[in-house]
**Q** 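Following this message is one structure expressed as structure tokens.
Note: hydrogens, waters and symmetry copies are ignored here, and every other heavy atom, side chains too, is used. The first residue in the sequence is number 1, and the count goes up from there.
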Amino acid sequence: MLRKYTSEDLCDLGIRAVRRVVGLLLDQYKERPNSSLIPLADLQSGKSMITADKDAELAFERFIDTYNNGHFKDIDFYGEETLGNQTIDLTGKDGTCVLVDALDGSDLYERNLGNWCTAATFFTPNARPGRRLRAAVAGLPDGSIYYAIDTSRSIEVLRKPKSPPEKVRGMSAIRSAETASICFYGQKVGNFLAGAESALWPPLFARDAVERKEKGKALRLRIYNLAGIPMILKMVDKVAKNGAGIDAVVDFKGQKAHDIVPGAFLALKAGAEVVEPDGTPITIRRLEEFLLRPNSESLRYVIAVSKELKDNIVKLNRPTRMAKGRPR
């Protein structure tokens, strides 16, 4: 008989595994970068990766199998690097699963940039809707580990090993895209074009031109082409009340479950607005449905600090309607 686990136990396991893997990745980069950054391709999926991707995923799986004398070995492990090309459907599956992206942002890790993370989502496919997604954990290279469980109403963070858990510091009060810091994923050409060609930008750029002409200064709007889970965590955990923060993270091309579910779940727990680009809410149940087919569907999203900012971005992103070949 498969073991049943509490959400608290799964979260604790995730925190310990994430801490171990982030530490491994930092040590490998420092001590043996040449062997950690060798380009590879998975024989099953054909996915491009580096040695560190594979090492981190194997280390995460091994930790789950062996921790606490194998108490968690019944958990089915699905690693981003080895999901393969055949569609996986976990609907009705017994037991507990974990979807892991052991090195999310390997291109940034490879170039010694900091916007990478290790992330995991624990879920129970045959539980009732709304209680399938049990816990999400994500760790950043600065040592911070963010986590939340299904029964909690908030997200917590461990700033460093042996430190007590803290509530995240909260989000900005930005309400308008004209004054926001907006992030989209733009490292790959297809993702960059999907973001750059969005209908969101032209009206903002036009408004910026008016501001420059009439007031001699640009909008406060800032655009960053780094996004994903690390930027979502920075959004909900703003460093200081007086400084600027990350106000929205968007993706108009779409991400697979491992790239967005942990961040979206944590964002929802932090009180952020999480919707599809047309404004359709992305709920916990929607994330659960997404997890059941982790390597097939892609999800596009807008995650924002406030309802007003979310509504503003959704409205601006709507393509101009065409009538007889002319905008109206």
**Q** Quick one: do Glu273 and Lys307 satisfy side-chain contact (heavy atoms from CB on, under 4.5 Å)? Show the steps, please.
**A** CA-CA 6 Å; Glu273 296 285 323; Lys307 180 181 183 300; 3.9 Å; yes
**Q** Of the non-hydrogen atoms in Ala120 and Val100, which two are nearest, and what is the gap between them?
**A** CB-CG2, 4.0 Å
**Q** To the nearest 0.5 angstrom, please state how far the CG atom of Asp55 sits from the CG atom of Leu40.
**A** 8.5 Å
**Q** Are the side chains of Leu26 and Pro141 in contact, using a 4.5 Å heavy-atom criterion?
**A** yes
**Q** Quick check against the 3.5 Å criterion: does Ser106 have a side-chain atom that pairs as donor or acceptor with the backbone of Leu103?
**A** no
**Q** I'd like to check Val21 versus Val18 (side-chain heavy atoms, cut-off strictly below 4.5 Å). Are they in contact?
**A** no
**Q** Looking at every heavy atom in both Pro125 and Arg132, which two are closest together, and how far apart are they?
**A** O-NE, 3.3 Å
**Q** Is there a donor-acceptor pair under 3.5 Å between the side chain of Thr66 and the backbone N or O of Arg62?
**A** yes
**Q** Any ion pair linking Arg134 and Asp150 (charged N to carboxylate O, less than 4.0 Å)?
**A** yes
**Q** Check Ile229 against Gly263 and note the closest heavy-atom contact, atom names and distance.
**A** CG1-N, 4.0 Å
**Q** Does Ser154 form a side-chain hydrogen bond (donor to acceptor under 3.5 Å, both in side chains) with Lys269? I'd like the steps, not just the answer.
**A** CA-CA 5 Å; Ser154 61; Lys269 292 293 184 178; over 6 Å; no
**Q** Is there a path from Val305 to Val274 through hydrophobic residues (I, L, V, M, F, W, Y) whose side chains come within less than 4.5 Å of each other?
**A** yes
**Q** A side-chain contact here means heavy atoms from C-beta on lying under 4.5 Å apart; do Asn126 and Lys93 qualify?
**A** no
**Q** What's the separation between atom CD in Glu110 and atom OG1 in Thr51, rounded to the nearest 0.5 Å?
**A** 9.5 Å
**Q** Taking only distance into account, with no hydrogens and no angle test, what donor-acceptor pairs under 3.5 Å do side-chain atoms of residues 234-247 form with protein atoms, sequence neighbours excluded?
**A**
| residue | atom | partner | partner atom | Å |
| --- | --- | --- | --- | --- |
| Asp237 | OD1 | Arg159 | NH2 | 3.1 |
| Asp237 | OD1 | Arg169 | N | 2.8 |
| Asp237 | OD1 | Arg169 | NE | 3.1 |
| Asp237 | OD2 | Tyr146 | OH | 2.6 |
| Asp237 | OD2 | Arg159 | NH1 | 2.6 |
| Asp237 | OD2 | Arg159 | NH2 | 3.4 |
| Asp237 | OD2 | Arg169 | NH2 | 3.2 |
| Lys238 | NZ | Ala240 | O | 2.3 |
| Lys238 | NZ | Lys241 | O | 3.1 |
| Lys238 | NZ | Gly243 | O | 2.5 |
| Asp247 | OD1 | Ser172 | OG | 2.5 |
| Asp247 | OD2 | Ser181 | N | 2.7 |

**Q** Say whether Met171 and Leu140 are linked into one hydrophobic cluster, either directly or through other cluster members, by side-chain heavy-atom distances under 4.5 angstrom.
**A** yes
**Q** With the 4.5 Å side-chain cut-off for hydrophobic clustering, are Ile64 and Leu58 part of the same group?
**A** no
**Q** Just to verify, what does Glu297 make a side-chain hydrogen bond (donor to acceptor under 3.5 Å, both in side chains) with, not counting sequence neighbours?
**A** Arg286
**Q** Nearest 0.5 Å, please: how far is NZ in Lys256 from CG in Asp259?
**A** 9.0 Å
**Q** Less than 4.5 Å apart, side chain to side chain, heavy atoms only: is that true for Val137 and Thr118?
**A** no
**Q** Specify whether Phe77 and Phe60 have parallel, tilted or perpendicular ring planes, treating 30° as the upper limit for parallel and 60° as the lower limit for perpendicular.
**A** tilted
**Q** Looking only at non-hydrogen atoms, find the nearest pair between Gly254 and Asp251 and report the distance.
**A** N-OD1, 2.5 Å
**Q** Can you confirm whether Asp107 sits close enough to Arg111 that some side-chain heavy atom of one is under 4.5 Å from a side-chain heavy atom of the other?
**A** yes
**Q** List the residues meeting side-chain hydrogen bond (donor to acceptor under 3.5 Å, both in side chains) with Ser35, not counting sequence neighbours, and say none if there are none.
**A** Arg32
**Q** Which atom pair, heavy atoms only, marks the closest approach of Tyr29 to Asn112?
**A** OH-CB, 3.2 Å
**Q** Quick one: are Leu291 and Thr121 in side-chain contact, heavy atoms under 4.5 Å?
**A** yes
**Q** Verify the neighbour count for atom CZ of Arg19: are there more than 12 heavy atoms of other residues, nucleotides or ligands below 6.0 Å?
**A** yes
**Q** Are Leu292 and Leu10 joined in one hydrophobic group, where the rule is that I, L, V, M, F, W and Y side chains link up if heavy atoms are under 4.5 Å apart?
**A** no
**Q** Side chain of Glu288, backbone of Arg131: donor and acceptor closer than 3.5 Å?
**A** yes
**Q** May I have the step-by-step check of side-chain contact (heavy atoms from CB on, under 4.5 Å) for Glu8 and Thr151, ending in yes or no?
**A** CA-CA 9 Å; Glu8 289 81 3; Thr151 55; 4.1 Å; yes
**Q** Salt bridge check: are Lys167 and Glu156 linked by an N-O gap of less than 4.0 Å?
**A** yes
**Q** Using the side-chain contact (heavy atoms from CB on, under 4.5 Å) rule, take Ile155 and Phe265 through it: C-alpha gap first, then chi angles, then the decisive distance, then the call.
**A** CA-CA 9 Å; Ile155 168 180; Phe265 181 74; over 6 Å; no
**Q** Is the side chain of Asp74 donor-acceptor paired with the backbone N or O of Arg3 at a distance under 3.5 Å, no angle test?
**A** yes
**Q** Looking at Ile260, is its backbone amide N or carbonyl O close enough to the side chain of Gln255 to form a donor-acceptor pair, meaning the two atoms are under 3.5 Å apart?
**A** no
**Q** Between atom CZ of Phe123 and atom CG of Leu99, what is the distance when rounded to the nearest 0.5 Å?
**A** 6.0 Å
**Q** Hey, is the main chain of Gly195 close enough, under 3.5 Å, to the side chain of Tyr185 for a donor-acceptor pair?
**A** no
**Q** Same cluster for Leu90 and Tyr5 if Ile/Leu/Val/Met/Phe/Trp/Tyr side chains link at under 4.5 Å?
**A** no
**Q** Given 3.5 Å as the limit, does a donor-acceptor pair link the side chain of Gln28 with the main chain of Ala52, or not?
**A** no
**Q** Report yes or no: does Asn225 contribute a side-chain atom to a donor-acceptor pair with the main-chain N or O of Gln187 at less than 3.5 Å?
**A** no
**Q** Give a yes or no on whether a salt bridge exists between Arg212 and Asp208, defined as a side-chain N under 4.0 angstrom from a carboxylate O.
**A** yes
**Q** Given 3.5 Å as the limit, does a donor-acceptor pair link the side chain of Ser163 with the main chain of Lys160, or not?
**A** yes
**Q** With side chains defined as the heavy atoms from C-beta onward, is the minimum distance between Arg175 and Leu309 less than 4.5 Å?
**A** no
**Q** Rounded to the nearest 0.5 Å, what separates atom CG in Asp89 from atom OG1 in Thr91?
**A** 3.5 Å
**Q** Could you tell me whether the side chain of Asp101 and the main chain of Glu80 form a donor-acceptor pair under 3.5 Å?
**A** no
**Q** Please test His258 against Tyr78 for ring pair (Phe, Tyr, Trp, His ring centres under 6.0 Å), starting from the C-alpha separation and ending with a verdict.
**A** CA-CA 10 Å; His258 58 268; Tyr78 296 91; over 10 Å; no
**Q** How far does OG of Ser296 sit from CD1 of Ile88, to the nearest 0.5 angstrom?
**A** 8.5 Å
**Q** Quick check: closest heavy atoms across Cys11 and Ile149, and the distance to 0.1 Å?
**A** CB-CG2, 3.5 Å
**Q** Under 6.0 Å between ring centres, would you say that holds for Phe252 and Phe184?
**A** no
**Q** Decide yes or no for Asp53 and Tyr109: does some side-chain heavy atom of the first lie under 4.5 Å from some side-chain heavy atom of the second?
**A** no
**Q** Can you tell which of Leu268, Ile303, Leu287 makes a side-chain contact (heavy atoms from CB on, under 4.5 Å) with Ile282?
**A** Leu287
**Q** Quick one: do Arg207 and Glu178 make a salt bridge, cutoff under 4.0 Å?
**A** yes
